[in-house]
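Everything on this sheet refers to the single structure shown next.
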Number of protein chains: 2
Amino acid sequence: MATIVDVASLAGVSTSTVSHVLNETRHVEPETKARVMSAVQATGYRRDALARSMRRARTDSIGLVVSDAGEPAFADMVHGVEEAAAQHGLSLLLANSAEDPARERAAVEALLDRRVDGLIIARAAGSRAGLLERIRNEKKPLVLLDRLADLDVDQVGVNNQSAMAALVDHLTDRGHERIMLVSGDLRVSSLRERHDGFRTAMQKRGLEVPASLLCEGTVTAAATFDRVRPLLGDSAAGPTAILACSTLLAAGALRAVQHEGLQVPGTMAFATFDGFTYSDLFQPQITTVRQPAFQLGESAVGLLMRRLETPSAPTKILRLESEIEFRRSTD
Amino acid sequence: MATIVDVASLAGVSTSTVSHVLNETRHVEPETKARVMSAVQATGYRRDALARSMRRARTDSIGLVVSDAGEPAFADMVHGVEEAAAQHGLSLLLANSAEDPARERAAVEALLDRRVDGLIIARAAGSRAGLLERIRNEKKPLVLLDRLADLDVDQVGVNNQSAMAALVDHLTDRGHERIMLVSGDLRVSSLRERHDGFRTAMQKRGLEVPASLLCEGTVTAAATFDRVRPLLGDSAAGPTAILACSTLLAAGALRAVQHEGLQVPGTMAFATFDGFTYSDLFQPQITTVRQPAFQLGESAVGLLMRRLETPSAPTKILRLESEIEFRRSTD
DNA sequence: CTGAAAGCGCTTACAG
DNA sequence: CTGAAAGCGCTTACAG
């Protein structure tokens, strides 16, 4: 592979001049410039990004750590981050923590070692606070994605409160009073916000929420199925509607509903966050809170760029609104 | 940030010794080693991966370029690649070409500039042959993923032929003779293989395939809808079954079917490649050829590792088998 | 307008 | 068993 030295000697100039021509960082005589450019052509020279990064203390790359690469919503966020990064001329280093704090830690260290210019993290469920401390100590720009924290850090997520309130209003308007919430792992901030939003919204409507209708803590579809199924039989105290807080939870709960032979809608109303792709094509047509996942990813990059340009800028926390697709499952 | 010089001076040794301790690359007296390790602790030293890579001419990173980050199947492949890369201690650089040869080219150049140890590519629909030539000239290990080529390069994809044959057999066994194939962009090798596999399988069954039942070239769900819809009305010459070659094509075709008020199954049988997530929970329950997308990604990394370890190994082409989930849509 | 040279932070022959 | 030093391929003050 040709190096800058090869180009310089072929063009009969110094490496400084080659560098300045390539980076347009100081004036070079048109004639000299032309000689350099044709030497670049002739040698097939391409600048070594590694060597360049080492000198500039800037890599033009960012790191993204997601908590669950298997979830469609996170796949969309990754897509959004990639798109925005490419637009800014940044390379993207991707890692998946798979909800494992140890893997998350290792991924962050690897990215830090590679001197990424900034980090975007959707934290794992049991993520340790020390991790963010660590990044802050390195003075490395950081953006929290989807799973936010009560910290002085740039962040972008969705407004879970408002979406949940709209969903509860929608259901209670239709006479539902015994609504089961399937909320998953409450250490995950987005799920906790949905959980809290549900209780607040129900309270505002003057409705009790018995503990038996709060189904928390399951992290797989199978476990959710097992937890939900036994709670469905009772027509006096059982739920008339189910509200799932993620695609995975919805899958487990819906399977339970079907296993018990209940009809959606009819004997059971059903709504979910995130939900299923192309769900307008299938029965039951499920009312879904659709996160702007792609835009979440884009916005995270936007916040990071802003921070890189203005390190002293005040902390910014973005809450994007979700769109609610009302369908027959809640009629 | 502490450097190896800081560690060396604090430990009272040379940087060589620090390096050798950290890499376990030559024997060091236990006592010296201990001093080094505590100096590492004290300074919070972390090796700079950039500088290390530059010396070693190896970055412990790989590049992945996918053609359509929006498709669930590709998201799964990315996930598989990430998982396997992490297991091998490799960082993953991700780029999306969005089916645009120019973006694909730019992504490959960026990855090459960053000196990734190898490349995995799911090529864009109109990908230029020169691109692979370019990578070969750099002597950079390359693995083709999902979208294969008739070239002497390591590759991993699925066996489209056998899956398509099974699908056609399944349908013809049930009496279907007028089967519409919705095959999309035939420049995409996987789609072309499905297309060819269909014709071969039909021929083997002695069935004609009129051009009116071959719906090719659409690249969006909306365009597919527009192409398919007018072909459904005719009960004499129209199809009794539809076979879609990707999720996106299936969405467009299914919407057309529903728009025309046809019942699946009943008045129209339907099957698809890739398909929809959790489709066992929804009606119509659609017969689906499920690619082992995650394993495809894992295998691609496996091939790359093999090539890195044994540059002279013979070219390997892997064809993984898909699983067919037979459901009511084809009954 | 251009060049000689230092230096980014490592690894690795070479020498003892 | 360990160290001094070269060198990976760039960028960037410094000097003229």
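In what follows, chains are A, B, ... by sequence order, proteins preceding strands, each numbered from 1. The structure presented is a predicted model; accordingly, all values stated were derived computationally and were not measured.
Distance CG/B:Leu132 to OG/B:Ser127: 6.0 Å, rounded to 0.5 Å.
Counting only heavy atoms from C-beta on, A:Asp48 has its side chain closest to D:dG9 among D:dG9, D:dT11, D:dC14. Picking from D:dA4, C:dG9, C:dA13 the nucleotide with the shortest atom distance to the side chain of B:His20 gives C:dA13. In the set C:dC1, C:dG9, C:dT2, the nucleotide with an atom closest to the side chain of A:Arg26 is C:dT2. Relative to the side chain of A:Thr15, the nucleotides C:dA5, C:dC10, D:dG9 differ in distance, and C:dA5 lies closest. The nucleotide whose nearest atom lies closest to any side-chain atom of B:Arg56 is, among C:dT11, D:dC1, D:dT12, C:dT11.
As a whole-Å value, the separation of B:Leu22 CG from C:dG9 P is 16 Å. The CG atom of A:Asn23 sits 10 Å away from the C1' atom of D:dC10 (whole-angstrom rounding). In this structure, CG of B:Asp113 is placed 14 Å from P of D:dG9, rounded to the nearest angstrom. Atom CZ of A:Arg52 and atom P of C:dG9 are 17 Å apart (whole Å). We find that CE of A:Met54 is positioned 9 Å from P of C:dC10, with the value rounded to whole Å. Following rounding to the nearest Å, B:Arg114 (CZ) and D:dC10 (C1') show an atom-to-atom distance of 14 Å. As rounded to whole Å, 13 Å separates atom P of D:dT11 from atom CG of A:Leu50. The CZ-P distance, from A:Arg35 to C:dC1, rounds to 15 Å in whole Å.
Side-chain N/O atoms of B:Ser53 and B:Arg115 include no donor and acceptor closer than 3.5 Å.
Positionally, the nearest nucleotide of DNA chain C for A:Ser14 lies more toward the 5' end than for the other of A:Ser14 and B:Ile4. Nearer to the 5' terminus of DNA chain D, by closest-nucleotide assignment, is the contact made by B:His27 (compared with the other of B:Arg115 and B:His27).
Among the atoms of the strands shown, none is found under 4.0 Å from any heavy atom of A:Ser53. The residue A:Val5 sits apart from the nucleic acid: no heavy atom pair falls under 4.0 Å. Here A:Arg47 lies in heavy-atom contact (under 4.0 Å) with sugar-phosphate atoms only. Within the nucleic acid shown, B:Thr32 comes within 4.0 Å of sugar-phosphate atoms alone, with no base atom in reach, counting heavy atoms only. Across all strands shown, A:Arg58 has no heavy atoms under 4.0 Å from either base or sugar-phosphate atoms.
Checking the phosphate oxygens (OP1, OP2) of C:dG9, no side-chain nitrogen or oxygen of B:Thr3 falls inside 4.0 Å. Between B:Thr17 and D:dT2, a side-chain N or O to OP1/OP2 separation shorter than 4.0 Å is absent. Residue A:Ser19 has a polar side-chain atom (N or O) positioned under 4.0 Å from OP1 or OP2 of D:dT11.
Between the B:Arg26 side chain and the B:His20 main chain, no donor and acceptor come within less than 3.5 Å of each other. No donor-acceptor pair under 3.5 Å is formed between the side chain of B:Arg123 and the backbone N or O of B:Ser67. The main-chain N or O of B:Val158 is found under 3.5 Å from a side-chain atom of B:Arg319 such that the two form a donor-acceptor pair.
Taking only distance into account, the side chain of B:Ser16 meets the base of D:dA4 through a donor-acceptor pair shorter than 3.5 Å. A:Arg55 contributes a side-chain N or O that forms a donor-acceptor pair with the base of C:dG7 under 3.5 Å.
Taking a pair to require two hydrogen-bonding distances under 3.5 Å in either a Watson-Crick or a G-U wobble arrangement, D:dT2 pairs with C:dA15.
Taking both residues in full, the closest heavy atoms of B:Ile4 and B:Tyr45 are given as N-CE1, 3.4 Å, listed atom of the first, atom of the second, then distance.
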